Participant: 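Below is a structure I'd like to ask you about.
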Amino acid sequence: MDPDVHSSLELLRGWLARQLDEPAAAWLDEQLAAAGTDDRRLYLAIGLAPRKLGKGDLDLEADDYAAAAAVRPGWDPSGWSIDQAARIALLLVASADTGSFATKFEQLCTTADVRELIAFYRGLPLYPAPERYVGRAAEGVRTNMKAVFEAIAHRNPYPAEQFSEHVWNHMVLKAVFIGSALHPIQGFDRRRNGELARTLIDYAHERWAAGRDITPELWRAVGPFVDASMHDDFRRVLRDGTPLERQAAVLALRERPDAGAGPLLDREGDLVAAVDSGRVSWETVYQQIAKPQ
């Protein structure tokens, strides 16, 4: 999908104008006016944005989220800060020259600090010619910096739309490896695949052999591909797992009612009923994982 850059930019400017005082708003307007034609001003403005505008949260209402999704399906600016929104707005102005923008974007990412990278990656679904940034985004999900990784992986339609199966699978495995939740990954269920399921089963075996835990969300990727070779793994979780792990196992098994898993579920009547009624879902599993300890 090639986004509507103008409408995205106008939304960002409107949100920022509501929160900035007069001097900050004037500074941003001046930088936006220059960013499309003066690379030096663009780079300087990106660096100065937190000092000039602050790092406070971008204050959005339900109507703002609806407007974002209407302009660009999948756009979810939850958790954005003022300086991040301003940096993305500056990049949108600079993206008018699509021929040079991909090179400019790569240069900016190469020299960026962590907060800049988070902003640049959160803006991925808004830039024109989105296929041009796949290599940069794939590099981004290799990072061990959780906040940078999640700027691409979480609440972002870009990976589901642009990543190959290989890169997508790497991103999901990386999320599991660094302890990043799977539920906020847009398009997760649609992009599940057999290769990913097998890789995660192998990963679970390695963790168990080392006496380590695995996230209950791992089973979400496995559910549609359950077969007899995995029954012992599910039997282990249902026998020895925590209540949350058992919920995840039943959720996965209920996705393949024809996979011969009936005997595994015979003793899980209450959990099966909770899953079938919607009282237990992948969302409730995520909510429990994300709950502050």
Side-chain angles (χ1 to χ4, degrees), residues 1-16 32 35-36 46 49 57-58 60 62-98 101-106 108-109 112 114-143 145-165 167-168 170-172 174-175 180-191:
M1 173 178 292
D2 214 338
D4 182 345
V5 173
H6 175 75
S7 296
S8 301
L9 177 59
E10 289 307 301
L11 271 185
L12 286 170
R13 295 185 74 156
W15 297 340
L16 288 164
L32 289 170
I46 286 172
D57 293 339
L58 189 63
L60 300 177
D63 287 349
D64 298 318
Y65 291 107
V71 164
R72 201 310 184 183
W75 180 12
D76 180 357
S78 300
W80 286 23
S81 64
I82 290 173
D83 60 306
Q84 288 167 3
R87 283 167 162 161
I88 294 167
L90 287 161
L91 288 180
L92 291 180
V93 171
S95 72
D97 182 359
T98 56
F101 179 68
T103 300
K104 200 175 301 183
F105 182 71
E106 177 64 27
L108 283 164
C109 289
V114 170
R115 285 189 66 87
E116 289 170 345
L117 273 179
I118 291 171
F120 298 162
Y121 288 150
R122 282 179 164 173
L124 279 168
L126 306 180
Y127 309 139
E131 68 281 356
R132 296 185 178 210
Y133 324 113
V134 171
R136 166 45 54 184
E139 181 67 25
V141 295
R142 294 189 183 99
T143 182
M145 292 183 287
K146 193 173 179 181
V148 173
F149 173 86
E150 290 179 349
I152 302 172
H154 282 186
R155 301 177 181 88
N156 191 336
Y158 188 88
E161 293 173 354
Q162 299 295 332
F163 281 177
S164 67
E165 183 174 288
V167 177
W168 174 267
H170 171 84
M171 182 186 76
V172 174
K174 185 75 174 204
S180 181
L182 301 184
H183 188 71
I185 298 177
Q186 290 192 16
F188 183 84
D189 289 342
R190 175 170 59 82
R191 292 295 307 266

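Since the structure is predicted, the reported quantities are computational estimates derived from the model, not experimental observations.
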Participant: Has the side chain of Arg87 got a donor or acceptor atom that lies under 3.5 Å from a matching backbone atom of Ile46?
Facilitator: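 Yes; judged by distance alone, with no hydrogens or angles, the pair exists.
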Participant: Show the nearest heavy-atom pair for residues Leu182 and Ala175, with the distance to one decimal.
Facilitator: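 Minimum heavy-atom contact is CD2-CB, 3.7 Å.
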Participant: How would you list, by chain and number, every residue that makes a ring-ring contact (aromatic ring centres under 6.0 Å, His included) with Trp15, sequence neighbours excluded?
Facilitator: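 Once residues adjacent in sequence are excluded, the partners of Trp15 under the ring-ring contact (aromatic ring centres under 6.0 Å, His included) criterion are Trp75.
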Participant: Is any side-chain heavy atom of His6 closer than 4.5 Å to one of Asp4?
Facilitator: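 With C-beta onward as the side chain, the pair touches.
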Participant: Which class fits the ring pair Tyr158 and Tyr133: parallel under 30°, tilted 30 to 60°, perpendicular over 60°?
Facilitator: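 It falls in the tilted class, 30° to 60°.
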Participant: For the residue pair Lys174 and Val141, establish whether any side-chain heavy-atom pair is separated by less than 4.5 Å.
Facilitator: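 No, every pair of side-chain atoms sits at 4.5 Å or beyond.
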Participant: Would you say that Ile185 contacts Pro159 through its side chain, given a criterion of any heavy-atom pair below 4.5 Å between the two side chains?
Facilitator: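 No, too far: nothing below the 4.5 Å cut-off.
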Participant: Applying side-chain contact (heavy atoms from CB on, under 4.5 Å), run through Asp76 and Asn156 and close with a yes or a no.
Facilitator: CA-CA 7 Å; Asp76 180 357; Asn156 191 336; over 6 Å; no
Participant: Counting C-beta onward and ignoring hydrogens, is there a side-chain heavy-atom pair between Ser81 and Leu58 closer than 4.5 Å?
Facilitator: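 A side-chain contact under 4.5 Å is absent here.
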Participant: Side-chain contact test, heavy atoms from C-beta onward, threshold under 4.5 Å: evaluate it for Tyr65 versus Ser78 and give yes or no.
Facilitator: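 In short, these two side chains touch, coming nearer than 4.5 Å.
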Participant: For Tyr121 and Gly140, which heavy atoms make the closest approach, and how far apart are they?
Facilitator: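 Tyr121 and Gly140 have their closest heavy atoms at OH-CA, 3.6 Å.
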Participant: When you check the gap from the basic side-chain N to the acidic O, do Glu139 and Arg136 get nearer than 4.0 Å?
Facilitator: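 No, this pair does not count.
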Participant: If you round to the nearest 0.5 Å, how far is CD1 of Ile118 from CE of Met145?
Facilitator: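 Rounded to the nearest 0.5 Å, the CE-CD1 separation comes out at 8.5 Å.
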Participant: Please report the C-alpha distance between Leu126 and Val5 in whole Å, then the side-chain angles of each, then the deciding distance to 0.1 Å, and finally whether the side-chain contact (heavy atoms from CB on, under 4.5 Å) criterion is met.
Facilitator: CA-CA 6 Å; Leu126 306 180; Val5 173; over 6 Å; no
Participant: Strictly by modelled atom types, are Tyr127 and Arg132 linked by a side-chain donor-acceptor pair under 3.5 Å?
Facilitator: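 No, no side-chain donor-acceptor pair sits under 3.5 Å.
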Participant: Could you tell me the separation between the OG1 atom of Thr143 and the CG atom of Leu117, rounded to the nearest 0.5 Å?
Facilitator: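 One gets 8.0 Å once the value is rounded to the nearest 0.5 Å.
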Participant: If you define the side chain from C-beta out and look only at heavy atoms, does anything of His183 sit under 4.5 Å from Phe188?
Facilitator: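 The answer is no; the side chains never approach within 4.5 Å.
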Participant: What distance do Leu12 atom CG and Leu9 atom CG have between them, rounded to the nearest 0.5 Å?
Facilitator: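 These two atoms lie 6.5 Å from each other.
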Participant: Within the side chain of Asp57, is there an N or O that forms a donor-acceptor pair under 3.5 Å with the backbone of Ile82?
Facilitator: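 Absent.
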Participant: Is there a donor-acceptor pair under 3.5 Å between the side chain of Gln186 and the backbone N or O of Gly74?
Facilitator: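 Side chain of Gln186 to backbone of Gly74, a donor-acceptor pair under 3.5 Å: yes, one is there.
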Participant: Do Glu116 and Arg122 sit within salt-bridge range, that is, some charged N less than 4.0 Å from a carboxylate O?
Facilitator: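 No, this pair does not count.
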Participant: Indicate the atoms forming the closest heavy-atom contact of Pro77 with Leu60, along with that distance.
Facilitator: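 Answer, listing the atom of Pro77 first, then Leu60: CG-CD1, 3.5 Å.
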Participant: Is the shortest heavy-atom distance from the side chain of Phe101 to the side chain of Leu91 under 4.5 Å?
Facilitator: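 Contact flag for Phe101/Leu91 side chains = yes.
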Participant: Ignoring hydrogens and geometry, is there a side-chain-to-backbone donor-acceptor pair from Arg191 to Trp168 under 3.5 Å?
Facilitator: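 No, Arg191 side chain to Trp168 backbone: no donor-acceptor pair under 3.5 Å.
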Participant: Would Arg72 and Glu161 count as a salt bridge (charged side-chain N to carboxylate O under 4.0 Å, His left out) if you check the C-alpha gap in whole Å, the side-chain angles of each, and the deciding distance to 0.1 Å?
Facilitator: CA-CA 13 Å; Arg72 201 310 184 183; Glu161 293 173 354; 2.6 Å; yes
Participant: Between His154 (side chain) and Ala181 (backbone), is there a donor-acceptor pair under 3.5 Å?
Facilitator: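 Yes, because the side chain of His154 sits within donor-acceptor range (under 3.5 Å) of the backbone of Ala181.
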Participant: Evaluate the criterion side-chain contact (heavy atoms from CB on, under 4.5 Å) for residue pair Ser95 and Phe105; output intermediate values, then yes/no.
Facilitator: CA-CA 9 Å; Ser95 72; Phe105 182 71; over 6 Å; no
Participant: Could you give the distance from OG (Ser180) to CE (Met171), rounded to the nearest 0.5 Å?
Facilitator: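 Here the rounded value is 9.0 Å.
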Participant: Can you name the nearest heavy-atom pair linking Ile152 to Ala137, along with the distance?
Facilitator: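 Nearest heavy atoms, Ile152 then Ala137: CD1-O, 3.5 Å.
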Participant: Testing the basics here: between Val93 and Gly36, what is the closest heavy-atom pair and its distance to 0.1 Å?
Facilitator: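 Distance-wise, the nearest heavy atoms are CG1-N, 3.5 Å.
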Participant: If I take atom CD from residue Gln84 and atom CZ from residue Phe120, how far apart are they, to the nearest 0.5 angstrom?
Facilitator: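 It comes to 10.5 Å.
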Participant: So, the side chain of Glu106 versus the backbone of Thr103: is there a donor-acceptor pair under 3.5 Å, distance only?
Facilitator: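 Absent.
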